[in-house]
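Reading through the C-alpha cells given below for one structure.
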Amino acid sequence: MRAPGCVAVLVLLVHEAAAREFTEGEMSGVRQRIKSMFYHAYDSYLDHAFPYDELRPLTCDGQDTWGSFSLTLIDALDTLLVLGNETEFQRVASLLQDNVNFDIDVNASVFETNIRVVGGLLSAHMLAGRAGMELEPGWPCAGPLLRMAEDAAKKLLPAFQTSTGMPYGTVNLLRGVSPTETPVTCTAGVGTFILEFATLSRLTGDKTYEDVARRALRALWRTRSDIGLVGNHIDVLSQKWVAQDAGIGAGVDSYFEYLVKGAIMLQDEELLDMFLEYDRAIQNYTRFDDWYLWVQMHKGTVSMPVFQSLEAFWPGLQSLLGNLEDAVRTFQNYVSVWRQFGGLPEFYSIPQGYTVDKREGYPLRPELIESAMYLFRATGDHAYLQLGLDALESIERISRTPCGYASVKDLRDHQLDNRMESFFLAETIKYLYLLFDPAHFLHGGGTEGDGSWEEGGEGGQCVLGAGGFIFNTEAHPLDPAALYCCSRHAQDRQELQDVLLNLSQPNRQSKPPAKETEDPPPGQSESIALKPGEKKTPPLLSCPVQPFSARLAILGQVFSDT
C-alpha cells in the first residue's frame with residue numbers, strides 16, 4: 001500500500017519556511033510569548049484548581065485525574081526553572097514537601113505516576129542546585145525531593161511482584177495491587193521505567209528499582225514475535241498478547257524511547273541492541289513511504305493504516321541515533337497533518353487523508369514540537385523554528401480560554417474540551433521554549449565554559465550538567481553525570497572501607513578475587529587494564545560524563561589533579 005503523495009508538497013513548504021532566518025531578537029520575542037502562555041495556564045491552575053490534579057479551563061475549577069497529588073504542580077516544577085523562575089521553583093518545591101502525601105487510598109496508574117510524579121520529582125531534585133535551594137551535604141545523592149521521589153516509587157513496587165516481573169497497570173498507593181486487578185496492560189506500561197528507576201537506584205544506592213525495571217524489560221523482550229515485533233497489550237501473568245497490533249504509537253511508543261534513552265544515559269549496549277533489532281523489524285514491516293502503519297505482530301500484514309499523534313516523537317528519536325534523513329522525511333509527513341487541521345488529531349487515516357471517527361481530538365500534545373526541537377538542534381534549519389511559531393499561534397488561537405488552555409475536542413470545527421492535561425505545562429510549553437533557546441543550559445549552555453556545569457557530590461568533586469541531559473517521556477530532564485557521581489562515590493566508599501578494614505586487621509585473610517564472570521557495579525567497567533594481546537574495543541556509545549580532572553582543558557591540555 002502507498003500513502004498519499006503529500007511529501008513533495010511538504011518539501012516545498014519546508015524549503016519555503018527555511019528561507020526565513022530567525023534573528024536572536026525574534027527568538028527572544030517568541031520566548032517571551034511562550035512564557036506568557038505558560039503563566040496564563042499556570043496561574044489559572046493555582047487560582048482555580050490547586051490542590052486538584054488538573055485544571056478544567058472551561059468551568060474554571062479543578063479535578064483529580066491520576067492520583068490526587070496536585071499533579072500539575074509536580075509536572076510543572078522543572079518548567080519553572082527552565083523558564084528562569086528560581087523564586088517560584090523554591091516556593092513550589094517547599095509547598096510540595098509540606099503538602100503532598102503518597103500514603104493515600106487511591107488507585108493510580110503505575111505508568112503515569114512514574115513518568116509524571118517520580119520523573120518530575122527526580123528532575124526537580126537534580127535542578128535544585130541551579131535554583132539556589134539550600135542543598136544537603138552530598139547532593140545530588142541526597143535531598144528532600146529525592147526522598148519524595150523514592151517514596152512515590154516505593155508505592156509502585158508491589159505492581160512488579162508478578163511471576164514474570166512485568167508490572168500490573170494499576171496499584172493502590174496504600175493497599176498495593178487489588179486481587180481483582182486485570183493483568184492486561186499496554187506495552188509501554190511494562191517498558192517505561194528504566195530511566196526513572198535506574199536514576200533512583202544510582203542516586204540512592206538501592207538497586208531494587210533498577211533491578212525490577214530491567215527484569216520487566218527483559219521479560220518483554222522475550223515475548224517478541226518470530227518477525228521481531230511486539231503487540232500493543234499483553235497479559236503480564238501469562239505473557240500472552242491480548243492486542244497484536246504492532247506499531248510505534250499509542251501503547252508502545254515510550255518503550256522504544258526508553259530503550260534508546262536508557263542506552264545513552266546508562267551507557268548500556270544491551271538496551272541499544274534491543275532497540276536496533278526492533279528497529280530493523282519496524283523498518284521492514286511497518287514503514288510505508290516514510291509513514292509508520294500498524295501491522296499484525298506475527299504476520300506483518302497491515303491492520304490499521306493510520307497515523308497517531310503520539311507517533312510524532314519518532315523523528316526526534318531517530319535524530320538521537322543520527323538517522324537524520326529518515327527523520328526529516330517522516331517529520332515532513334507529520335507536519336502536513338498539522339497544517340491541515342492546526343493540530344495533530346489522535347488518529348489520522350493515511351489512505352483517506354482525514355481524521356478517524358471518534359479520534360478527532362487534540363489534547364495539546366507535545367510530540368511534534370519535541371521532534372522539532374531535536375531536529376533543529378541536529379540541523380540548525382530554521383524551518384523547525386517556523387513550525388514552532390506556527391504551533392504557538394495555533395494553540396493561542398484555538399485553545400486559549402480565560403482560565404488557561406483547553407484540549408481540542410474536535411479539530412474539524414475546533415470544539416473545546418474541559419481539560420488541560422498536566423503535560424501541557426510539563427512538555428508542550430517546555431519543548432517550545434527550548435526550541436527557541438538553543439543556548440539554554442539544558443542544551444549545554446551554547447558555548448563551552450560559560451558556566452553551564454556545576455559542582456556536586458561529597459566535597460564538590462563531581463561535575464554536573466556538563467554532559468547533556470536526557471528527557472524522560474514527560475520531558476523531565478535527568479542528568480547522567482549525577483548518576484555517575486553517586487555510583488562512583490558509593491564504590492569509592494566501599495573501596496576505602498575495605499582498605500581500612502584490612503589495615504585494622506593485618507592478619508585477616510584477604511578475600512579471594514572476584515570471578516571474571518561477575519557483573520561490574522552499575523555504570524562501571526570491570527578494568528581499564530588490558531590483558532596481554534587484548535585490544536581495546538570502543539563502546540557503541542561514547543560516554544558524555546567524565547570526572548572533573550578529565551574535563552578541565554585549555555587548548556586540549558588536560559590538567560590532572562596534581
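Numbers here are sequence positions counted from 1. Note that the coordinates shown come from a computational prediction; the quantities given were computed from them, not determined experimentally.
- With Tyr431 as the fixed residue, the ring-ring contact (aromatic ring centres under 6.0 Å, His included) test singles out one of Phe471, Phe376, Phe313: Phe471.
- The neighbour count for Asp226 CG, taken as heavy atoms of other residues, nucleotides or ligands under 6.0 Å away, does not exceed 12.
- With respect to the salt-bridge test (charged N to carboxylate O, under 4.0 angstrom), the residues Lys358 and Glu360 do not qualify.
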Identify each donor-acceptor pair in which a side-chain atom of residues 295-305 lies under 3.5 Å from a protein atom, sequence neighbours left out, and give them as a table.
from	atom 1	to	atom 2	distance (Å)
Gln296	OE1	His298	N	2.7
Gln296	OE1	Lys299	N	2.9
Gln296	NE2	Gln244	OE1	2.6
Ser303	OG	Asp245	OD1	2.8
Ser303	OG	Trp294	O	3.2

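- With values rounded to the nearest 0.5 angstrom, Leu387 atom CG is found 6.5 Å from Asp390 atom CG.
- You'll find the ring centres of Phe193 and Phe111 outside the 6.0 Å limit.
- In this structure, the side chain to side chain contact (heavy atoms under 4.5 Å, CB included) partners of Glu277, at least two apart in sequence or on a different chain, are Trp221, Arg224, Arg280.
- The aromatic rings of Phe197 and Phe160 are tilted relative to each other, their planes meeting at an angle between 30° and 60°.
- Ring geometry for Tyr42 against Phe38 counts as parallel: the plane angle stays under 30°, on a 0 to 90° scale with 60° as the upper cut.
- Ring pair Phe341/Tyr354 is tilted by interplanar angle, where 30° to 60° counts as tilted.
- The existence of a salt bridge linking Arg116 and Glu421 is confirmed by a sub-4.0 Å separation between a basic side-chain nitrogen and an acidic carboxylate oxygen.
- Using a cutoff of 4.0 Å between basic side-chain nitrogens and carboxylate oxygens, Glu270 and Arg218 are scored as salt-bridged.
- Of the residues Asp75, Asp78, Asp437, the one that meets the salt bridge (charged side-chain N to carboxylate O under 4.0 Å, His left out) test with Lys430 is Asp78.
- Checked for salt-bridge contact, Lys409 and Asp417 miss the test: no charged N lies under 4.0 Å from a carboxylate O.
- Judged as a side chain to side chain contact (heavy atoms under 4.5 Å, CB included), and not counting sequence neighbours, the contacts of Phe347 are Val306, Gln308, Val356, Arg359.
- Residues that satisfy the side chain to side chain contact (heavy atoms under 4.5 Å, CB included) test with Ala406, not counting sequence neighbours, are Pro57, Leu58, Thr401, Leu416.
- Using a cutoff of 4.0 Å between basic side-chain nitrogens and carboxylate oxygens, Asp268 and Arg214 are scored as salt-bridged.
- Residues meeting the side chain to side chain contact (heavy atoms under 4.5 Å, CB included) test with Ser70, sequence neighbours left out: Tyr45, Phe50, Pro51, Leu73.
- Between Asp326 and Arg287 there is a salt bridge, since at least one side-chain N of the basic residue sits less than 4.0 Å from a carboxylate O of the acidic one.
- The closest donor-acceptor contact from the side chain of Tyr384 to the backbone of Leu435 lies at 3.5 Å or more, if one exists at all.
- A side-chain hydrogen bond (donor to acceptor under 3.5 Å, both in side chains) check over residues 365-375, counting only residues at least two apart or in different chains, returns the pairs Glu346-Arg365.
- By the 30° and 60° cut-offs, the orientation of the rings of Phe424 relative to Tyr405 is tilted.
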